[in-house]
Novice: 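Got a structure for you, questions after.
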Amino acid sequence: MIFELIFISIFSFLFLYSLLRPFHSSVARWFLLIGSILGILSILGVEYTQIIAEFLGISRGADLYLYLGLLTIFLFVGLSINRFDALNKKITILVRDLALAKQEIKNNKKN
């Protein structure tokens, strides 16, 4: 019983956090919002999860969580790769600018 209260508190905090925090991406906000709602429903009872799964055309509530988990992993990997590529591009621009600036300083010292 105490663990149910702890987890309901955590998911409730995440739900409120998703409503109050300014996100750069609406996908992140909705993902956290829906995930926290599903977390609360899974703790309250299997019946609620089963109702949502049947509404979505999935046979069992456990399968719903499996599919959502896989979707989460793929989204996280995809977003991480995009951020990594963007960071690499910024680093490349900075390194080029730094190399050009050093070369210009060397040329000015020669003159």
Side-chain angles (χ1 to χ4, degrees):
M1 182 67 178
I2 188 78
F3 289 111
E4 287 180 3
L5 291 175
I6 291 171
F7 282 113
I8 287 177
S9 300
I10 290 170
F11 285 124
S12 298
F13 171 75
L14 289 173
F15 178 77
L16 292 174
Y17 180 73
S18 68
L19 291 176
L20 300 176
R21 181 182 183 270
F23 285 90
H24 295 289
S25 167
S26 62
V27 173
R29 176 184 301 270
W30 280 104
F31 204 72
L32 187 58
L33 185 72
I34 292 171
S36 59
I37 290 171
L38 287 174
I40 291 171
L41 289 177
S42 69
I43 292 171
L44 291 178
V46 179
E47 310 86 38
Y48 301 114
T49 308
Q50 185 64 33
I51 291 169
I52 294 171
E54 288 174 359
F55 177 75
L56 294 174
I58 301 171
S59 60
R60 298 182 315 150
D63 291 340
L64 172 67
Y65 285 111
L66 176 67
Y67 299 151
L68 288 175
L70 290 172
L71 180 67
T72 303
I73 291 169
F74 288 126
L75 284 174
F76 179 75
V77 169
L79 291 174
S80 296
I81 289 171
N82 282 340
R83 285 187 179 181
F84 184 73
D85 287 342
L87 189 60
N88 268 342
K89 289 177 185 176
K90 289 179 183 178
I91 290 172
T92 301
I93 291 170
L94 287 173
V95 168
R96 285 180 187 158
D97 289 346
L98 183 61
L100 290 173
K102 282 186 177 183
Q103 186 63 36
E104 186 175 322
I105 290 172
K106 284 182 181 180
N107 290 339
N108 288 337
K109 284 185 180 179
K110 287 182 182 179
N111 297 328

Novice: Return the CD1 to CD distance between I58 and Q50, rounded to the nearest 0.5 Å.
Specialist: 10.0 Å
Novice: Are L66 and I51 linked, directly or through intermediate hydrophobic residues, by side-chain heavy-atom contacts shorter than 4.5 Å (ILVMFWY only)?
Specialist: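 I51 does not cluster with L66.
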Novice: Going by side chain to side chain contact (heavy atoms under 4.5 Å, CB included), name the residues that satisfy it together with T72, two or more places apart in sequence or in a different chain.
Specialist: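 With sequence neighbours excluded, T72 shows a side chain to side chain contact (heavy atoms under 4.5 Å, CB included) to F31, given in chain and number order.
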Novice: Distance from S18 atom OG to F13 atom CZ, nearest 0.5 Å?
Specialist: 10.0 Å
Novice: Rounded to the nearest 0.5 Å, what separation is found between the CD1 atom of I81 and the CG atom of D85?
Specialist: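 With rounding to 0.5 Å, CD1 (I81) is 7.5 Å from CG (D85).
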Novice: Ignoring hydrogens, what is the shortest heavy-atom contact between S42 and T49? Give both atom names and the distance.
Specialist: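 The pair with the smallest heavy-atom distance is CA-OG1, 3.6 Å.
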Novice: Is the number of heavy atoms from other residues, nucleotides or ligands within 6.0 Å of OH (Y48) greater than 12?
Specialist: no
Novice: Going by side chain to side chain contact (heavy atoms under 4.5 Å, CB included), name the residues that satisfy it together with I52, two or more places apart in sequence or in a different chain.
Specialist: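 L38, L41, L56, L64.
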Novice: To the closest 0.5 Å, what do you measure between OG (S36) and CD1 (I8)?
Specialist: 12.5 Å
Novice: Quick check for you: to the nearest 0.5 Å, what is the distance between I10 atom CD1 and L5 atom CG?
Specialist: 11.0 Å
Novice: Can you list the other members of the hydrophobic cluster that holds I91, where links are side-chain heavy atoms under 4.5 angstrom apart?
Specialist: L87, V95
Novice: Quick check: closest heavy atoms across R29 and L19, and the distance to 0.1 Å?
Specialist: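 Looks like NH1-O, 3.3 Å.
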Novice: So which residues get pulled into F76's cluster when ILVMFWY side chains under 4.5 Å apart are joined, directly or through others?
Specialist: none
Novice: What's the spacing between L70 CG and L75 CG if we round to 0.5 Å?
Specialist: 11.0 Å
Novice: Suppose we screen for side chain to side chain donor-acceptor pair (under 3.5 Å). Which residues come up paired with R21, at least two apart in sequence or across chains?
Specialist: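 With neighbours one apart ignored, the set is Y17.
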Novice: Can you name the residues that form a salt bridge (charged side-chain N to carboxylate O under 4.0 Å, His left out) with R60, not counting sequence neighbours?
Specialist: D63
